[in-house]
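Read the structure below first, then the notes.
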Amino acid sequence: MDPKRSPKETVLITGGGGYFGFRLGCALNQKGIHVILFDINSPAETIPEGIKFIQGDIRHVSDVEKAFQDADVTCVFHIASYGMSGREQLSRNPIEEVNIRGTDNILQACQRRMVPRLVYTSTFNVIFGGQVIRNGDESLPYLPLHLHPDHYSRTKSIAEKKVLEANGTPLNGGDGVLRTCALRPAGIYGPGEQRHLPRIVSYIEKGLFKFVYGDPGSLVEFVHVDNLVQAHILASEALKADKGHIASGQPYFISDGRPVNNFEFFRPLVEGLGYTFPSTRLPLTLVYCFAFLTEMVHFILGRLYNFQPFLTRTEVYKTGVTHYFSLEKAKKELGYKAQPFDLQEVVEWFKAHGHGRSSGSRDSDCFVWDGLLVFLLIIAILTWLLSVILLL
């Protein structure tokens with residue numbers, strides 16, 4: 001995106017107040033692109049000059065219309081979603097409203113406002129549902145909706161299909177059509193990430209990271225936020241005429257391209273903050289039973305106390321079952337080239353914000369957590385042993 005060639009280009013980023021959306025907006029702003037961030041929450045960081053923030057909810061058509069007012073938007077990056085992890089995964093209605101209805105609202109707004117390009121941020125989960133996948137590619141079929149273990153994955157699959165099916169839709173009042181594509185990223189990491197890493201660090205500091213699980217040879221993938229930013233910018237370019245609209249109607253897997261055991265990936269974070277990496281390894285099925293029981297407790301008590309589940313069933317699969325994908329299509333068609341990163345900058349970020357064994361302290365509610373964890377783990381062990389005995 002050469003600012004000299006496209007000085008008036010304007011992009012709209014839904015979910016622009018979040019970690020990744022904000023990083024993408026800043027990167028585009030530095031390239032001379034006019035950026036509009038649209039989100040229900042404002043960014044945690046100071047908004048740079050040249051970036052406009054509009055507060056609103058993608059579930060409401062009036063808010064979406066407000067985001068497009070007074071701007072000739074040339075590309076939408078639809079990042080906003082809900083229910084990716086933790087207790088959010090267990091809230092069915094908000095997940096469907098944001099991920100499905102919100103996507104419908106954005107697609108309709110693109111048609112009304114004659115926006116020629118839309119890049120959708122999807123997920124590995126539209127394909128993966130707990131089955132082993134090694135070096136999969138975009139030819140793999142969608143996981144049947146009824147097999148998805150959580151509402152987030154199911155709704156993201158529905159939304160991705162809507163986005164890709166909208167490719168080629170005529171724009172209102174013009175001769176052009178809407179060009180769309182979808183990026184399917186792995187788990188995002190980077191300094192300042194606010195969804196997954198703080199939760200992991202809180203478990204470590206509370207003394208709850210007592211075990212690992214699954215096959216030590218199981219492999220998953222991650223993507224650094226800067227690699228994901230690069231992929232989105234390349235995808236938006238690949239929807240243009242001068243690129244032959246090569247990305248039109250296409251999905252792409254995006255990661256760092258380095259399959260790794262989930263727990264070994266986080267070892268530098270654990271040890272870098274001064275904690276001991278656990279040596280106890282539990283069977284995957286046992287931890288799955290534990291996650292199921294945790295979800296049941298949340299279902300029963302969630303309205304009285306909306307606690308953060310230690311693990312959900314989907315999180316057990318995502319962290320303990322091998323699934324990784326080829327980047328060949330993204331490399332060939334988008335020109336994507338993953339840059340090497342590690343967790344050292346993440347460790348330094350947490351240290352700079354007061355974390356680590358020397359400065360960390362056990363929260364007052366950790367004893368309640370410990371008791372609940374032990375209680376559920378005992379029940380999970382008994383349930384698992386009973387299922388093993390019945391199979392014999």
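Everything numeric in this text was worked out from a predicted model, so none of it was measured.
- When atom types are taken as modelled, the side chain of Y19 and the backbone of P191 share a donor-acceptor pair closer than 3.5 angstrom.
- Atoms CD and CG, on E348 and L343 in that order, are 11.5 Å from each other to the nearest 0.5 Å.
- When all heavy atoms of V347 and P268 are compared, the pair lying nearest together is CG2-O, 3.6 Å.
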Pair V11-H34, side-chain contact (heavy atoms from CB on, under 4.5 Å): steps then yes or no: CA-CA 6 Å; V11 303; H34 297 171; over 6 Å; no
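- Using modelled atom types, one side-chain atom of Q194 and one backbone atom of G192 make a donor-acceptor pair closer than 3.5 Å.
- Put simply, the side chain of T294 never gets that close to the backbone of F310: no donor and acceptor are under 3.5 Å apart.
- In terms of heavy-atom proximity, L171 sits nearest to V115 at CD2-O, 3.5 Å.
- Side-chain atoms of V212 and F209, non-hydrogen and from C-beta on, do get closer than 4.5 Å to each other.
- Closest heavy-atom contact between Y152 and Y82: CD1-O, 3.1 Å.
- Contact annotation: the side chain of I233 never approaches that of V119 to less than 4.5 Å [non-hydrogen atoms, C-beta and beyond].
- Remark: R313 engages E295 in a salt bridge, criterion side-chain N to carboxylate O under 4.0 Å.
- Among residues two or more places apart in sequence or in another chain, the side-chain contact (heavy atoms from CB on, under 4.5 Å) test is passed with V316 by Y213, L284, V287, Y288, A291, L311.
- With respect to R199 and E315, a salt bridge is recorded, a charged nitrogen being found less than 4.0 Å from a carboxylate O.
- Under 4.0 Å is where a charged nitrogen must lie from a carboxylate oxygen, and between K240 and E237 at least one such pair does.
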For residues 37-53, tabulate all N or O donor-acceptor pairs below 3.5 Å that involve a side-chain atom, not counting sequence neighbours.
residue : atom : partner : partner atom : Å
D39     : OD1  : N41     : N            : 3.3
D39     : OD2  : G17     : N            : 2.9
D39     : OD2  : G18     : N            : 3.3

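- Looking only at side-chain heavy atoms (C-beta outward), F124 and E221 come within less than 4.5 Å of each other.
- The aromatic rings of F266 and F222 sit perpendicular to each other, their planes meeting at more than 60°, with 30° as the lower class boundary.
- Within the 4.5 Å cutoff, the side chain of L228 has heavy atoms near those of the I188 side chain.
- Not one N or O on the side chain of R112 forms a donor-acceptor pair closer than 3.5 Å with the backbone of N172.
- Residues K156 and Y120 meet the side-chain proximity criterion, which asks for heavy atoms closer than 4.5 Å.
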side-chain contact (heavy atoms from CB on, under 4.5 Å) assessment of V98 paired with R59: CA-CA 6 Å; V98 172; R59 294 175 293 180; 3.7 Å; yes
Step-by-step ring pair (Phe, Tyr, Trp, His ring centres under 6.0 Å) determination, H323 to Y317: CA-CA 9 Å; H323 63 291; Y317 278 150; 9.6 Å; no
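- Looking at L273 and K351, their side chains come closer than 4.5 Å, going by heavy atoms from C-beta outward.
- Contacts classified as salt bridge (Lys or Arg N to Asp or Glu O under 4.0 Å) and involving residues 252-262 (residues at least two apart or in different chains) are given here: D256-R258.
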Can I get a per-line list of side-chain donor-acceptor pairs under 3.5 Å for residues 244-254, giving both atom names and the distance, sequence neighbours left out?
residue : atom : partner : partner atom : Å
H245    : ND1  : L239    : O            : 2.8
S248    : OG   : H245    : O            : 3.0
Q250    : OE1  : K329    : NZ           : 2.6
Y252    : OH   : E333    : OE1          : 2.6

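- Under the 3.5 Å distance criterion, with hydrogens and angles disregarded, no donor-acceptor pair is assigned to the side chains of T319 and N262.
- Residues S153 and D150 meet the side-chain proximity criterion, which asks for heavy atoms closer than 4.5 Å.
- Not a single donor-acceptor pair under 3.5 Å links the side chain of E9 to the backbone N or O of T74.
- Qualifying side-chain contact (heavy atoms from CB on, under 4.5 Å) partners for S218, counting only residues two or more places apart in sequence or in other chains: D215, N261, T322.
- No side-chain donor from either of E65 and Q69 sits under 3.5 Å from a side-chain acceptor of the other.
- Under the side-chain contact (heavy atoms from CB on, under 4.5 Å) criterion, T280 pairs with F211, L282, not counting sequence neighbours.
- Under the ring pair (Phe, Tyr, Trp, His ring centres under 6.0 Å) criterion, F350 pairs with H355, sequence neighbours left out.
- Around atom CZ of R134, no more than 12 heavy atoms belonging to other residues, nucleotides or ligands sit under 6.0 Å away.
- Between V35 and N29, the closest heavy-atom pair is CG2-N, 3.8 Å.
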Worked check of salt bridge (charged side-chain N to carboxylate O under 4.0 Å, His left out) between R23 and D226: CA-CA 8 Å; R23 289 285 286 253; D226 291 341; 2.8 Å; yes
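- With rounding to the nearest 0.5 Å, the separation of CG in D104 from NZ in K162 is 4.0 Å.
- Tested against V321, the residues I133, V132, V220 include a single side chain to side chain contact (heavy atoms under 4.5 Å, CB included) partner, V132.
- Here the side chains of V229 and F20 are in contact, with some heavy-atom distance below 4.5 Å.
- In the hydrophobic clustering, V61 connects to no other residue, as no ILVMFWY side-chain heavy atoms lie under 4.5 Å from its own.
- Using a 4.5 Å cut-off between side-chain heavy atoms of Ile, Leu, Val, Met, Phe, Trp and Tyr, with links allowed through other members, M84 and I100 fall into different hydrophobic clusters.
- Annotation: cation-pi geometry satisfied between R267 and F277 (NZ/CZ under 6.0 angstrom from ring centroid, within 45° of ring axis).
- Side-chain atoms of E205 do not come within 3.5 Å of backbone N or O of Y203 as any donor-acceptor pair.
- Hydrophobic cluster membership for Y324: L219 (Ile, Leu, Val, Met, Phe, Trp, Tyr linked by side-chain heavy atoms under 4.5 Å, directly or transitively).
- The salt bridge (Lys or Arg N to Asp or Glu O under 4.0 Å) contacts involving residues 176-198 comprise E88-R195, E160-R184, where partners must be two or more places apart or lie in separate chains.
- Contacts classified as ring-ring contact (aromatic ring centres under 6.0 Å, His included) and involving residues 166-191 (residues at least two apart or in different chains) are given here: Y189-H224, Y189-F265.
- Not counting sequence neighbours, the partners of H353 by the ring pair (Phe, Tyr, Trp, His ring centres under 6.0 Å) test are W349.
- For the residue pair T103/H78, the side-chain donor-acceptor check at 3.5 Å is satisfied.
- Cluster annotation: I158 is not connected to I127 through the hydrophobic network of ILVMFWY side chains, with a link wherever side-chain heavy atoms come within less than 4.5 Å.
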